[in-house]
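Report on the structure given below.
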Amino acid sequence: RVSSVLRVDRKTGNLEHWGGSAGIGLLTSRLHLEGPIIKGKTSIIAGARTTYSDWILKRIPKEQSNYGGGTAGFTDANLGITHHIDDENTIQAYGYYATDRFSFGGDTTFRYGNLNASLVWKHRTEEGRLEIRGGYDQYHNRISAHEWDYGAYDLDTYIRQAFLRADRKRPLNDAHELSWGIHLTGYALDPGIMTPYGEYSGIAARSLDREIALEPAVYASDTWKPTEEISLEAGARLTGFYGQRGHALYGFPDIRLAFKYSPAENVSFKAGVNTLSQNIHLISNTMAVSPMDTWKLSDDRIKPTWGWQTAAGAYWTELNTGIDFSLEAYYKNTYRALDYLPGATLTMNPNLADELVPVRGRSYGVELMARKTTGKLTGWASYSYSRARMKEMGDRGLEAIAHGAWYNAPYDKPHEFKLVTNIALTHRYSFSVNVDYSTGRPVTVPIGLYYYGGSYRMAYSERNAHRIPDYFRTDVAFNIDPGHYLKAAFHTTITLGVYNVTGRKNPYSVFFNTLGGSSMAKGYMLSVFATQIPYINLNILF
């Protein structure tokens, strides 16, 4: 929550007739269906996607991709049912499942999975809206290291949460709309479950203690429109947290203030400030071959992260061209975020708090965007300049990270540019280009070697003082629409394209190893899809 909030609004099925779409390609396929179960009253919508890209990955020359015979794939599926009880009451049920996997060199496989289910009741009248929502979420990742029989193992982590929420909106009069609600979230986090793989594995099965916590919250806000041009919002949220580990008990208020001014139909200005807090913490080791995430709930030793942010923006539409422009700026401070000590053990560590230090974060940036939605040339372009820095909150002298000075956060990428454009050559043919560029993320690299305890060890630079190479990728596609027939049962289009048309070797990660315990340290840059990947898709709408 301190970083960002992503809202996903699900589509509901068509209440009147059946329809759908499908896409069949060399790398991926997708299918979506929707229609009425009871016409005009109950609808269903379902979709699924999958990939079968391993066959082409195995044909990429290893010297071009550093991929080493790896594999990758994903599958996801979703289902939604909506039933209209009457004009004022609606019940909706949703389900979602997704899994991703990839491996490098065929020895270690990384898997990630998400599962979500929810049930919603919506009550809408002239007096306002009431929504009651309950559900369950689960995130799971697994590392499978099977390259060495005696040391083969699977390592799993889980984040499970159940939630119940009641939200109410009610207009008080023509100028005021009140919102209030009650939320309750329960967490069950498994930070590590290690099991042996195969009959010859010598790895002992063990698991870290499950972390359980409850997080209740209440909030209220008022949206006030004194005039047609001005809108103001003020709100407060009170959140509690009880963690079973150490019987940790916390409570904290958050506030939000927002202002919008629209002097003309095509111009608006926005500004706001808010405070944020969260009780689940992410600790990442960016020096691994594949960065592995460790999750931790607040407890008696690890306090909640807290922060505040202010932002302002200007938005306008050029009426002659129909191009939307926006300019936004923000500044954010966070406190009691977590970073790890040099040489820390983050995986399967029952005393993880001993390896962590609270840090202060400081982020700021400017974002610009232009978007065109009409005419033969459509798309958008955006550029952002942003910085994210961290600093230890305590005073550990020379032992502090970066000696107590500000240092780059792992996600500090000052420059980012994106271009998505589509050019309609005719009614049947179009050409699209996607361009993505960003500054390389910060890393800590070895700068020397020293001999200790009978072997050579690497001496590292200051935390995140260097960067991996910048990321740059261009994708192109040519779209063919064979015809426009209004009464046809099926409408098909064909897409021919190339991912990474320049063949740039964008680094997925950079890591270093000593060879055979000697004094030689070698750096590796691991790239995925470091060559051109052609594809063809058949798209069907019915």
Side-chain angles (χ1 to χ4, degrees), residues 1 4-15 40-43 45 80-94 118-135 163-185 215-240 252-277 308-317 324 326 328 330:
R1 275 192 297 246
S4 61
V5 174
L6 176 65
R7 173 170 175 164
V8 179
D9 290 323
R10 299 176 177 91
K11 183 181 178 182
T12 58
N14 194 301
L15 284 168
K41 202 171 187 67
T42 307
S43 68
I45 184 168
I81 298 175
T82 301
H83 175 65
H84 295 274
I85 301 172
D86 52 38
D87 292 340
E88 296 182 350
N89 297 281
T90 302
I91 294 178
Q92 297 174 311
Y94 297 106
S118 61
L119 184 65
V120 185
W121 172 49
K122 297 181 178 181
H123 178 67
R124 297 173 183 262
T125 66
E126 293 181 357
E127 295 181 352
R129 293 172 287 172
L130 170 66
E131 286 191 12
I132 298 179
R133 182 186 305 265
F163 61 88
L164 181 63
R165 302 170 187 166
D167 300 283
R168 176 80 162 130
K169 279 191 176 182
R170 181 177 180 180
L172 192 61
N173 50 44
D174 292 340
H176 290 270
E177 182 179 64
L178 301 180
S179 302
W180 66 92
I182 301 174
H183 294 176
L184 177 64
T185 304
E215 185 182 81
V218 295
Y219 74 92
S221 68
D222 177 27
T223 301
W224 177 36
K225 295 191 66 174
T227 68
E228 288 295 325
E229 295 81 17
I230 297 175
S231 174
L232 300 101
E233 182 182 2
R237 177 186 179 96
L238 179 62
T239 303
F252 29 85
D254 290 323
I255 62 168
R256 179 172 62 188
L257 301 172
F259 169 78
K260 180 181 178 181
Y261 173 55
S262 302
E265 182 181 356
N266 64 320
V267 179
S268 64
F269 301 92
K270 298 179 183 179
V273 61
N274 62 308
T275 64
L276 316 103
S277 54
W308 63 269
Q309 174 176 298
T310 183
Y315 315 84
W316 69 99
T317 300
D324 297 323
S326 65
E328 298 180 346
Y330 68 93

Legend entry - Side-chain (S43) to main-chain (I81) donor-acceptor, under 3.5 angstrom: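 No, because the side chain of S43 does not come within donor-acceptor range (under 3.5 Å) of the backbone of I81.
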Legend entry - Expected output: side-chain K260 to main-chain I230 donor-acceptor under 3.5 Å: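 Judged by distance alone, no pair lies under 3.5 Å.
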Contact check, side chains of [X] and [Y], non-hydrogen atoms, under 4.5 Å:
{"X": "H183", "Y": "D167", "answer": "yes"}
{"X": "D324", "Y": "Y315", "answer": "no"}
{"X": "R129", "Y": "K122", "answer": "no"}
{"X": "H84", "Y": "L15", "answer": "yes"}
{"X": "E88", "Y": "E126", "answer": "no"}
{"X": "W180", "Y": "V218", "answer": "no"}
{"X": "V273", "Y": "F259", "answer": "no"}

[X] [atom1] to [Y] [atom2] distance, which is reported to the nearest 0.5 Å:
{"X": "L172", "Y": "T223", "atom1": "CG", "atom2": "OG1", "result": "11.5 Å"}
{"X": "W224", "Y": "S231", "atom1": "CH2", "atom2": "OG", "result": "10.5 Å"}
{"X": "R237", "Y": "L276", "atom1": "CZ", "atom2": "CG", "result": "10.5 Å"}
{"X": "H83", "Y": "T90", "atom1": "NE2", "atom2": "OG1", "result": "9.0 Å"}
{"X": "R124", "Y": "N89", "atom1": "CZ", "atom2": "CG", "result": "11.0 Å"}
{"X": "K169", "Y": "E131", "atom1": "NZ", "atom2": "CD", "result": "9.0 Å"}

Legend entry - SB check R256 D254 (cutoff 4.0 Å):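 Answer for the salt bridge query: no.
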To check you understand the geometry: which heavy-atom pair defines the closest contact between [X] and [Y], and what is its length?
{"X": "S221", "Y": "E233", "value": "OG-OE2, 3.9 Å"}
{"X": "D222", "Y": "E177", "value": "OD1-O, 3.4 Å"}
{"X": "T239", "Y": "A217", "value": "OG1-CB, 3.8 Å"}
{"X": "I132", "Y": "A166", "value": "CG1-CB, 4.2 Å"}
{"X": "P253", "Y": "T275", "value": "O-OG1, 4.1 Å"}
{"X": "S118", "Y": "F163", "value": "CB-CZ, 4.3 Å"}

Inset, instruction - Evaluate the side chain to side chain donor-acceptor pair (under 3.5 Å) criterion for residues Y330 and E328: first the C-alpha distance (whole Å), next the side-chain angles of each, then the deciding distance (0.1 Å), finally the verdict. - result: CA-CA 7 Å; Y330 68 93; E328 298 180 346; over 6 Å; no
Inset, instruction - Evaluate whether atom CG of D86 has more than 12 neighbouring non-hydrogen atoms of other residues, nucleotides or ligands under 6.0 angstrom away. - result: yes
Inset, instruction - Verify the neighbour count for atom CD1 of I182: are there more than 12 heavy atoms of other residues, nucleotides or ligands below 6.0 Å? - result: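 No, not enclosed.
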Legend entry - Check against side chain to side chain contact (heavy atoms under 4.5 Å, CB included), Y94 and T12: CA-CA 10 Å; Y94 297 106; T12 58; 4.1 Å; yes
Inset, instruction - Could you check W308 against I255 for side chain to side chain contact (heavy atoms under 4.5 Å, CB included), going step by step and ending with a plain yes or no? - result: CA-CA 9 Å; W308 63 269; I255 62 168; over 6 Å; no
